[in-house]
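Computed from a predicted structure; not experimentally measured. Throughout, protein chains are lettered first and strands after them, A, B, ... in sequence-line order, and every chain is numbered starting at 1. Computation of the quantities below employed the complete heavy-atom set of this structure, encompassing side-chain atoms and omitting hydrogens, waters and symmetry-equivalent molecules.
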Amino acid sequence: MPEGPSIVLAKEATSQFIGKKVLSTGGNSKIDKERVLNKKVTDIRSWGKHLLICFSGFTLRIHFMLFGTYLVNMRKENEARLSLEFVNGELNLYACSIKILEGSVDQYYDWSGDVMNDAWDRKKALAKLRGMPETMVCDALLDQDIFAGVGNIIKNEVLYKLYIHPESLVGRIPPAKLRKLVDEARDYSFDFLRWKRNFELKKYWLAHTRKDCLRCELPLTKKYLGKTRRRSFFCNNCQVLYI
DNA sequence: AGTCATGTTGACGA
DNA sequence: CTCGTCAACATGAC
């Protein structure tokens with residue numbers, strides 16, 4: 001569920017509720033549900049891994065974390081975190097973190113930092129990377145202040161595709177390579193979106209959860225790396241360690 | 001059946 | 001104050 005492209009799909013799946021009024025609410029969320037009652041959804045947007053259900057004057061920020069899911073016009077057995085009923089259907093959100101953002105949503109987000117957004121700015125991302133030369137690239141890719149929307153799968157795939165060892169230091173990666181990294185983080189995210197839309201994402205994984213390198217056929221290494229201690233799959237033979 | 005994971009926050013101590 | 005570590009949350013896949 002959680003990486004940026006999946007949130008774009010969630011945005012698409014829920015767009016039918018834009019302009020519709022909330023007729024009733026339910027669920028075990030601790031937010032003030034009265035707040036949205038009889039209010040009209042003005043927009044549904046996304047930023048990185050956040051799904052944003054906008055109302056006049058405030059926004060519901062949905063973060064699905066690791067296990068969160070949503071259903072449109074369907075329900076699960078267990079109680080939803082938040083249910084919103086509209087005249088044309090219902091939206092059920094499960095196991096997610098929900099927060100109300102007061103005021104204009106624009107004041108909370110820099111849209112140019114979201115790899116899926118039209119406003120994505122590669123130059124800003126590059127500038128941020130240049131300001132953290134000692135950071136491991138596996139951590140930098142997961143930094144939502146630089147690559148909002150990039151998650152662990154995208155991280156592993158991008159590094160594998162570009163032959164970059166995950167423990168490489170950002171400041172040691174040649175400039176041309178670093179530019180490619182920034183662009184691939186976005187490009188791969190759109191590949192991810194297309195594949196996920198067709199329910200064939202896993203088919204295209206080159207490194208993530210795989211046993212052997214498709215290039216040299218040696219076994220891939222699986223290790224928990226960086227400050228983030230996230231699972232990394234990489235080829236010790238093909239991926240260059242810039243250090 | 002037990003383990004693990006596409007994620008993040010907050011508490012706590014050094 | 002900042003850093004590292006750990007627990008917490010919660011569910012489906014294998």
Side-chain angles (χ1 to χ4, degrees), chain A residues 1-13 26-31 46-52 60-71 74-83 92-101 108-110 113-116 131-132 134-161 166-167 184-211 220-234:
Chain A
M1 190 48 237
E3 299 195 32
S6 301
I7 306 304
V8 170
L9 292 175
K11 179 170 65 173
E12 292 176 7
N28 55 25
S29 170
K30 290 190 188 103
I31 65 154
S46 64
W47 179 87
K49 299 165 189 171
H50 299 192
L51 179 67
L52 303 164
L60 291 185
R61 188 207 69 179
I62 317 297
H63 198 304
F64 291 103
M65 312 303 284
L66 210 49
F67 310 124
T69 52
Y70 65 93
L71 287 173
M74 286 186 289
R75 290 177 190 189
K76 296 214 237 185
E77 294 266 327
N78 49 327
E79 192 186 12
R81 175 63 35 80
L82 182 67
S83 297
N92 295 302
L93 304 162
Y94 301 90
C96 52
S97 157
I98 302 179
K99 196 180 166 188
I100 293 180
L101 304 179
Y108 294 91
Y109 294 104
D110 175 3
D114 175 3
V115 295
M116 300 306 294
M132 47 195 297
E134 300 304 312
T135 303
M136 279 187 193
V137 68
C138 59
D139 287 332
L141 275 170
L142 292 175
D143 188 334
Q144 300 299 293
D145 291 330
I146 307 174
F147 300 104
V150 169
N152 207 36
I153 298 171
I154 295 173
K155 175 198 82 178
N156 282 325
E157 292 299 301
V158 166
L159 292 175
Y160 182 79
K161 284 188 79 172
E167 288 181 295
E184 187 63 24
R186 174 170 163 93
D187 292 345
Y188 184 81
S189 295
F190 280 91
D191 288 340
F192 185 121
L193 172 65
R194 194 171 66 249
W195 296 329
K196 180 91 181 179
R197 197 195 297 284
N198 296 330
F199 309 103
E200 56 180 14
L201 177 64
K202 288 185 189 185
K203 195 169 90 183
Y204 292 96
W205 287 348
L206 304 177
H208 195 257
T209 72
R210 292 191 70 108
K211 282 206 122 47
L220 289 179
T221 305
K222 171 190 163 185
K223 224 171 173 180
Y224 295 81
L225 298 180
K227 290 187 176 169
T228 46
R229 311 297 304 169
R230 299 297 301 281
R231 204 161 61 138
S232 291
F233 294 88
F234 58 98

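Annotation: ring pair (Phe, Tyr, Trp, His ring centres under 6.0 Å) contacts of A:Tyr70 (sequence neighbours excluded): A:Phe64. For A:Arg75, the salt bridge (Lys or Arg N to Asp or Glu O under 4.0 Å) criterion is met by A:Glu90, not counting sequence neighbours. Every residue two or more places apart in sequence or in another chain was checked for a salt bridge (Lys or Arg N to Asp or Glu O under 4.0 Å) with A:Glu157, and none qualifies. Under the rule for a side-chain hydrogen bond (donor to acceptor under 3.5 Å, both in side chains), the partners of A:Thr69 that lie at least two apart in sequence or sit in another chain are A:Lys76. Take A:Lys202 and apply the side chain to side chain contact (heavy atoms under 4.5 Å, CB included) test, not counting sequence neighbours, and it matches A:Trp205. Not counting sequence neighbours, the partners of A:Ile100 by the side chain to side chain contact (heavy atoms under 4.5 Å, CB included) test are A:Ile31, A:Arg35, A:Phe58, A:Leu60, A:Glu102. Remark: A:Phe233 pairs with A:His208 by the ring pair (Phe, Tyr, Trp, His ring centres under 6.0 Å) rule, at least two apart or across chains.
The side chain to side chain donor-acceptor pair (under 3.5 Å) analysis of residues 135-145 of chain A, with sequence neighbours excluded, yields the pairs A:Asp139-A:Thr228.
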Just list the side-chain donor-acceptor pairs under 3.5 Å for residues 190-201 of chain A, sequence neighbours left out, or say none.
{"unit_1": "A:Asp191", "atom_1": "OD1", "unit_2": "A:Arg194", "atom_2": "NH1", "d": "3.3"}
{"unit_1": "A:Asp191", "atom_1": "OD1", "unit_2": "A:Arg194", "atom_2": "NH2", "d": "3.3"}
{"unit_1": "A:Arg197", "atom_1": "NH1", "unit_2": "A:Glu12", "atom_2": "OE1", "d": "2.5"}
{"unit_1": "A:Arg197", "atom_1": "NH1", "unit_2": "A:Glu12", "atom_2": "OE2", "d": "3.4"}
{"unit_1": "A:Arg197", "atom_1": "NH2", "unit_2": "A:Glu12", "atom_2": "OE2", "d": "3.4"}
{"unit_1": "A:Asn198", "atom_1": "ND2", "unit_2": "A:Arg194", "atom_2": "O", "d": "3.3"}
{"unit_1": "A:Glu200", "atom_1": "OE1", "unit_2": "A:Lys203", "atom_2": "NZ", "d": "3.2"}

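One P atom belongs to C:dA7, the other to B:dT3, and the distance between them is 16 Å to the nearest Å.
Counting only N and O atoms by type, the side chains of A:Ser6 and A:Lys49 include no donor and acceptor under 3.5 Å apart.
Among the heavy atoms of the strands, none lies under 4.0 Å from A:Lys155. Using a 4.0 Å heavy-atom criterion, one finds that A:Lys76 contacts the sugar-phosphate atoms exclusively.
Atom NZ of A:Lys11 sits in a crowded spot, with more than 12 heavy atoms from other residues, nucleotides or ligands closer than 6.0 Å.
Taking atom CD of residue A:Glu79 and atom C1' of nucleotide C:dT11, one finds them 16 Å apart after rounding to whole Å. As rounded to whole Å, 11 Å separates atom C1' of C:dG4 from atom CZ of A:Arg229. A:Phe64 has its CZ atom 14 Å from the P atom of C:dG12, to the nearest Å.
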**Q.** Dot-bracket notation for DNA chain B, counting Watson-Crick and G-U pairs under 3.5 Å, with | for partners on another strand
**A.** .||||.||||||||
Using the 3.5 Å cut-off, write out each protein N or O paired with an N or O of nucleotides 6-10 of chain C and the distance between them.
{"unit_1": "C:dA10", "atom_1": "OP1", "unit_2": "A:Arg81", "atom_2": "NH2", "d": "3.0"}

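Protein chain A contacts DNA chain B from B:dA5 to B:dT8, reading 5' to 3' and using non-hydrogen atoms of the protein with a distance under 4.0 Å.
Nucleotides of DNA chain B nearest to A:Arg231 and A:Arg61 differ in position, and the one nearer the 5' end is that of A:Arg231.
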